[in-house]
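What follows is a single structure, written as structure tokens, with notes after it.
Throughout, protein chains are lettered first and strands after them, A, B, ... in sequence-line order, and every chain is numbered starting at 1.
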Amino acid sequence: MPELPEVEVVRRGLERWVVGRSIGEAAVLHPRSVRRHAPGPADFTGRLAGRSVARARRRGKYLWLTLDSGDALLAHLGMSGQLLVQPPGADDERHLRVRLPLTPPAGAPEPLELRFVDQRTFGHLLVDRLVPDDAGEGLPSVIGHIARDPLDPAFDDDAFAAALRRRRTGVKRALLDQSLVSGVGNIYADEALWLARLHWARPTESLRRPQVDALLAAARGVMTEALAQGGTSFDSLYVNVNGESGYFERSLNAYGRRDRPCGRCGTPILRETFMNRSSYSCPKCQPAPRDARF
DNA sequence: CCGGCGTCCTGGGGGC
DNA sequence: TGCCCCCAGGACGCCG
């Protein structure tokens with residue numbers, strides 16, 4: 001499940017392997033993977049052909065390649081998406097959805113392919129115009145509503161705290177709302193809440209500023225640590241986004257740990273269903289509020 | 001306008 | 001052994 005750290009690892013891989021190359025004739029092997037490209041697969045392919053890649057950028061879980069046309073190739077990996085850089089002769093992956101030939105810059109050694117592989121097709125690619133954002137930088141128009149993420153230097157803690165307390169909902173639902181703060185998914189939400197000793201159903205309007213600060217610090221800490229561990233595996237030709245950064249095996253305190261002892265107090269971790277997904281928490285360190293909001 | 005629910009999708013695993 | 005159901009969940013459309 002790629003969240004911010006995994007997507008950032010992919011972005012770094014794209015920066016290394018794709019920036020400076022040109023895209024050839026793309027092949028859309030599964031139309032669902034470009035379903036958000038409204039003009040359809042042929043237009044998708046046409047707007048990429050011959051364009052060179054200038055930058056690899058990211059906001060939250062979205063990442064995009066800026067093109068010399070003023071467009072961006074925007075990607076969301078969903079639950080199971082991968083972007084792989086392969087030699088053109090490599091066997092097709094079982095769930096290969098889109099193939100993007102990369103022509104080398106003059107004098108560069110070998111041709112490559114960028115491949116979008118996605119078992120469950122929750123992810124997608126699209127080509128979109130870049131429009132200026134609030135800082136005057138280019139942002140794909142369709143993600144104008146996506147907030148900055150906690151690792152973005154321009155993330156505004158004060159504005160976040162104020163917006164959070166204006167909400168009338170539970171704190172985990174707010175953390176997962178990408179228009180409020182981006183990049184946080186189910187795993188890092190549970191980990192950040194455990195670190196900040198907050199229950200997922202805690203009403204946002206009842207959070208005091210020190211608790212908001214603790215929550216942000218926890219989210220930043222857990223994502224920075226995951227990034228440090230995941231960032232070690234992208235120096236091969238493969239852009240690593242298997243969603244298992246090694247972080248998961250060693251360092252999770254709450255997520256997926258049902259009935260296992262809390263690392264602080266030993267109380268068995270509780271699994272509850274919320275928003276059609278699992279929430280893991282320590283019932284002692286993160287007691288449910290009386291005025292729980294879901 | 002905003003909160004919150006339903007929906008999309010596939011492979012792995014458990015139960016019988 | 002095979003079948004069926006459940007589970008994983010990000011983001012958007014839509015409803016109240």
Polar side-chain atom of Gln178(A) near backbone of Leu176(A) as donor-acceptor pair, under 3.5 Å: yes

Spacing between Leu180(A) atom CG and dG10(C) atom P, to the nearest angstrom: 16 Å

N or O in side chain of Tyr188(A) less than 4.0 angstrom from dG10(C) OP1/OP2: no

Leu48(A) side chain reached by Leu67(A) side chain, heavy atoms, under 4.5 Å: yes

Sugar-phosphate only, base, or nothing, as touched by His145(A) at under 4.0 Å among non-hydrogen atoms: sugar-phosphate

Touch class at under 4.0 angstrom, heavy-atom based, for Arg35(A) against every strand present: nothing

Check against side chain to side chain contact (heavy atoms under 4.5 Å, CB included), Ile146(A) and Lys61(A): CA-CA 9 Å; Ile146(A) 301 293; Lys61(A) 302 173 206 168; over 6 Å; no

Interface residues of residues 157-172 of chain A with DNA chain B (non-hydrogen, below 4.0 angstrom): Arg167(A), Arg168(A), Thr169(A)

Side chain of Ser278(A) - closest among dG10(C), dC12(C), dA8(C): dA8(C)

DNA chain B: 5'-most and 3'-most nucleotides touching chain A, 4.0 angstrom heavy-atom criterion: dG3(B) to dG11(B)

Side chains of Glu93(A) and Gln82(A), donor plus acceptor under 3.5 Å: no

Gap between atoms CD and C1', on Glu3(A) and dA8(C) respectively (whole Å): 12 Å

Under-4.0 Å salt bridge between Asp118(A) and Arg32(A): no

Check ion pair Asp128(A)-Arg36(A) (N to O, under 4.0 angstrom): no

Donor-acceptor pair between Ser278(A) and Arg271(A) side chains, under 3.5 angstrom: yes

Whether Phe155(A) and Phe160(A) hold their rings parallel, tilted or perpendicular, with breakpoints at 30° and 60°: tilted

Nucleotide dC12(C), atom P - distance to NE2 of His124(A) in whole Å: 7 Å

Touch class at under 4.0 angstrom, heavy-atom based, for Tyr62(A) against every strand present: sugar-phosphate

CZ (Arg260(A)) with more than 12 external heavy atoms under 6.0 Å: no

Lys172(A) NZ to Asp177(A) CG distance, which is reported to the nearest 0.5 Å: 14.0 Å

Pair Glu8(A) + Arg11(A), salt bridge at N-O below 4.0 Å: yes

Degree of bending, the helix from dC2(B)-dG16(C) to dC16(B)-dG2(C) (end axes from five pairs; round to 10°): 50°

Closest-nucleotide 5' rank along DNA chain C - winner of Arg271(A) and Ile143(A): Arg271(A)

For atom CD of Gln178(A) and atom C1' of dC12(C), their distance in whole Å: 12 Å

